[in-house]
Amino acid sequence: MTELGASGGEAEVCFEQRGALGLITLNRPKALNALTRPMCREMDTQLAAWGEDSSIRAVAIRGAGERAFCAGGDVRALYESGREGSPYALEFWRDEYRLNARIKHFPKPYVALLHGIVMGGGVGVSVHGSHRIVADTAMFAMPETGIGMFPDVGGSYFLPRCPGETGMYCALTGARLKMADMLYVGVATHAVAMSRWDALIEGLADGGDPDVVLEDLGSRSGPAPMTEYRAWIDDHFAHRSVETILSSLDGGGEWAKETAAVIRGKSPTSLKLSHRQLCLGREMTFDDCMRMEYRMVHGIIAGHDFYEGVRAAIVEKDNRPNWRPADLAGVSDSDIDGYFAPRPENELRL
């Protein structure tokens, strides 16, 4: 199916009704289906309509191409917007977070079909749905601390609710999880081979209950590699600050020391910001987490490390970010407090 956008080119996101199913296809395969602001707005509008349409019993979302479900937001566009001082970046995050909330509160089954890269914004349009179907090619990560950002799109809510300290581990390290670990931490709910996805879509289009349809299509994922070091994760990452987490890791074995080295390559500001964010999110409602994250991105746009992280990873690709401050000691608690301060003129309204 090909749909045309307003400019006459192929639509960035396609919508289709198949029987009782509303089907969304993220349609930027060359860009790894990275989200743009128009995509977020169009999905939000369509979901609002499908939520009230009695002929739609479920919604499914998938990504075009073989490489990715969705690699995140269009980070280069956000980088350029922030540097130019244009309103696009904050408008994007506002609309993206509203879409995340729409999915979280969607009144019908919302089935995400996950293959290839599932990062950042791609997690936001999948993990909050009722069913997250993972294929053996899938790879999940929240890599934001490596580009001077924090794990947003509801990371404040879902990461602290992963088993034990696995969410904090993912947030600080940007660890990449494959199918079995995605199921283990709860990012995915079911494993289904991609060869059976057409049958899954057909069953949903016929009005079948997703849980019933999945009973016949599910596959085995095998053991989760994370179980081998889960006890270490829970031990080291339960500490009350990034500094004490690193001190704990430094006193551990080879895995711990390697993990500490990974963390030390991330933005010190992002590490402290993310740690605070997840600690607060443990006790917050989903909507309050999204409001908090929207306050936080104002600080990101006004700061230094996001631009430096994107430059090093995506623009110039030298992988040598010059973080400012350069170490954790240079990031004070009051510095982090500012990211969470209320912004009466710029609060997220859901």
Side-chain angles (χ1 to χ4, degrees), residues 72 93 96-97 100-101 104 118-124 126-128 140-177 181-182 184-187 226 229-230 232-249 259-260 262-300 303 305-306 309 328 331-341 348:
W93 277 312
E96 183 185 30
Y97 295 174
N100 299 152
K104 176 66 175 177
V118 185
M119 290 186 180
V123 179
S126 59
V127 74
H128 307 305
F140 158 93
M142 295 297 284
E144 289 82 3
T145 54
I147 58 166
M149 182 59 180
F150 60 89
D152 64 335
V153 295
S156 307
Y157 186 83
F158 77 84
L159 287 171
R161 288 162 178 79
C162 291
E165 297 299 328
T166 56
M168 185 67 78
Y169 165 76
C170 288
L172 298 186
T173 65
R176 297 186 172 195
L177 309 186
D181 280 335
M182 290 173 70
Y184 181 70
V185 303
V187 171
M226 188 177 282
Y229 48 95
R230 165 69 191 280
W232 297 337
I233 289 174
D234 288 353
D235 181 38
H236 296 300
F237 284 83
H239 290 281
R240 297 175 64 88
S241 70
V242 179
E243 290 91 340
T244 51
I245 288 173
L246 285 170
S247 177
S248 178
L249 289 167
T259 301
V262 169
I263 293 173
R264 286 192 169 96
K266 311 299 184 183
S267 158
T269 299
S270 290
L271 290 170
K272 285 199 170 184
L273 189 59
S274 301
H275 187 274
R276 172 89 65 89
Q277 161 200 6
L278 266 63
C279 289
L280 292 172
R282 291 180 193 272
E283 307 299 328
M284 295 172 69
T285 67
F286 177 85
D287 286 356
D288 282 344
C289 282
M290 300 312 303
R291 294 184 184 100
M292 176 178 72
E293 290 180 13
Y294 192 60
R295 293 174 179 176
M296 294 166 70
V297 294
H298 284 76
I300 291 293
D305 278 8
F306 175 66
L328 292 168
V331 185
S332 69
D333 287 344
S334 61
D335 291 334
I336 298 302
D337 291 343
Y339 286 85
F340 296 89
L348 180 66

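Keep in mind it's a predicted model, so treat the numbers as computed, not measured.
Atom OH of Y184 sits about 4.0 Å away from atom CZ of R230, to the nearest 0.5 Å. Note that CG of L249 and OG1 of T259 are 6.0 Å apart. Values are rounded to the nearest 0.5 Å. The distance from atom OG1 of T145 to atom CZ of F150, rounded to the nearest 0.5 Å, is 12.0 Å. Distance CD/Q277 to OH/Y339: 12.5 Å, rounded to 0.5 Å. Once rounded to the nearest 0.5 Å, the distance linking CD1 of I300 with CG of D152 reads 9.0 Å. The line from NE2 of H275 to OG of S270 is 14.5 Å long, rounded to the nearest 0.5 Å.
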TODO: Using the side chain to side chain contact (heavy atoms under 4.5 Å, CB included) rule, take T166 and F237 through it: C-alpha gap first, then chi angles, then the decisive distance, then the call.
DONE: CA-CA 8 Å; T166 56; F237 284 83; over 6 Å; no
Open item on the list: For a side chain to side chain contact (heavy atoms under 4.5 Å, CB included) check, start with the C-alpha distance between C279 and R240, then their side-chain angles and the critical distance, and finish with the verdict.
Closed with: CA-CA 9 Å; C279 289; R240 297 175 64 88; over 6 Å; no
- [ ] Any chance you could lay out the side chain to side chain contact (heavy atoms under 4.5 Å, CB included) test for D235 and W232, step after step, and finish with the verdict?
- [x] CA-CA 5 Å; D235 181 38; W232 297 337; 5.6 Å; no
Open item on the list: Quick one, V185 with F140, criterion side chain to side chain contact (heavy atoms under 4.5 Å, CB included). Give me CA distance, side-chain angles, the key distance, then yes/no.
Closed with: CA-CA 11 Å; V185 303; F140 158 93; 5.5 Å; no
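Contact of the L271 side chain with the I263 side chain is registered, since non-hydrogen atoms from C-beta on lie closer than 4.5 Å. The shortest distance between side-chain heavy atoms of D335 and K272 does not fall below 4.5 Å. A heavy-atom distance below 4.5 Å is found between the side chains of M284 and C289. No side-chain heavy atom of L246 sits under 4.5 Å from any side-chain heavy atom of H239.
Taking every heavy atom of both residues into account, D305 and S267 meet most closely at OD2-OG, 2.7 Å. Of all non-hydrogen atoms in D234 and E165, the two that sit nearest each other are OD1-N, 2.9 Å. Across C170 and L177, no two heavy atoms sit closer than the pair SG-CD1, 3.9 Å. What you find for L278 and A171 is that their closest heavy atoms are CD2-CB, 3.8 Å. Of all the heavy atoms in M149 and S274, the pair that sits closest is O-OG, 4.3 Å. When all heavy atoms of P151 and E144 are compared, the pair lying nearest together is CA-OE1, 3.6 Å.
Counting only distance, with no hydrogens or angles, the side chain of H236 and the backbone of Y169 share no donor-acceptor pair below 3.5 Å.
Contact check on R176 versus D181 returns no salt bridge, with no Lys/Arg side-chain nitrogen under 4.0 Å from an Asp/Glu carboxylate oxygen.
A salt bridge (charged side-chain N to carboxylate O under 4.0 Å, His left out) check over residues 285-297, counting only residues at least two apart or in different chains, returns the pairs D288-R291, R295-E347.
Remark: K266 engages no residue in a salt bridge (charged side-chain N to carboxylate O under 4.0 Å, His left out) (not counting sequence neighbours). R264 is linked by a salt bridge (charged side-chain N to carboxylate O under 4.0 Å, His left out) to D250, counting only residues two or more places apart in sequence or in another chain.
S334 and D337 share no side-chain donor-acceptor pair at under 3.5 Å.
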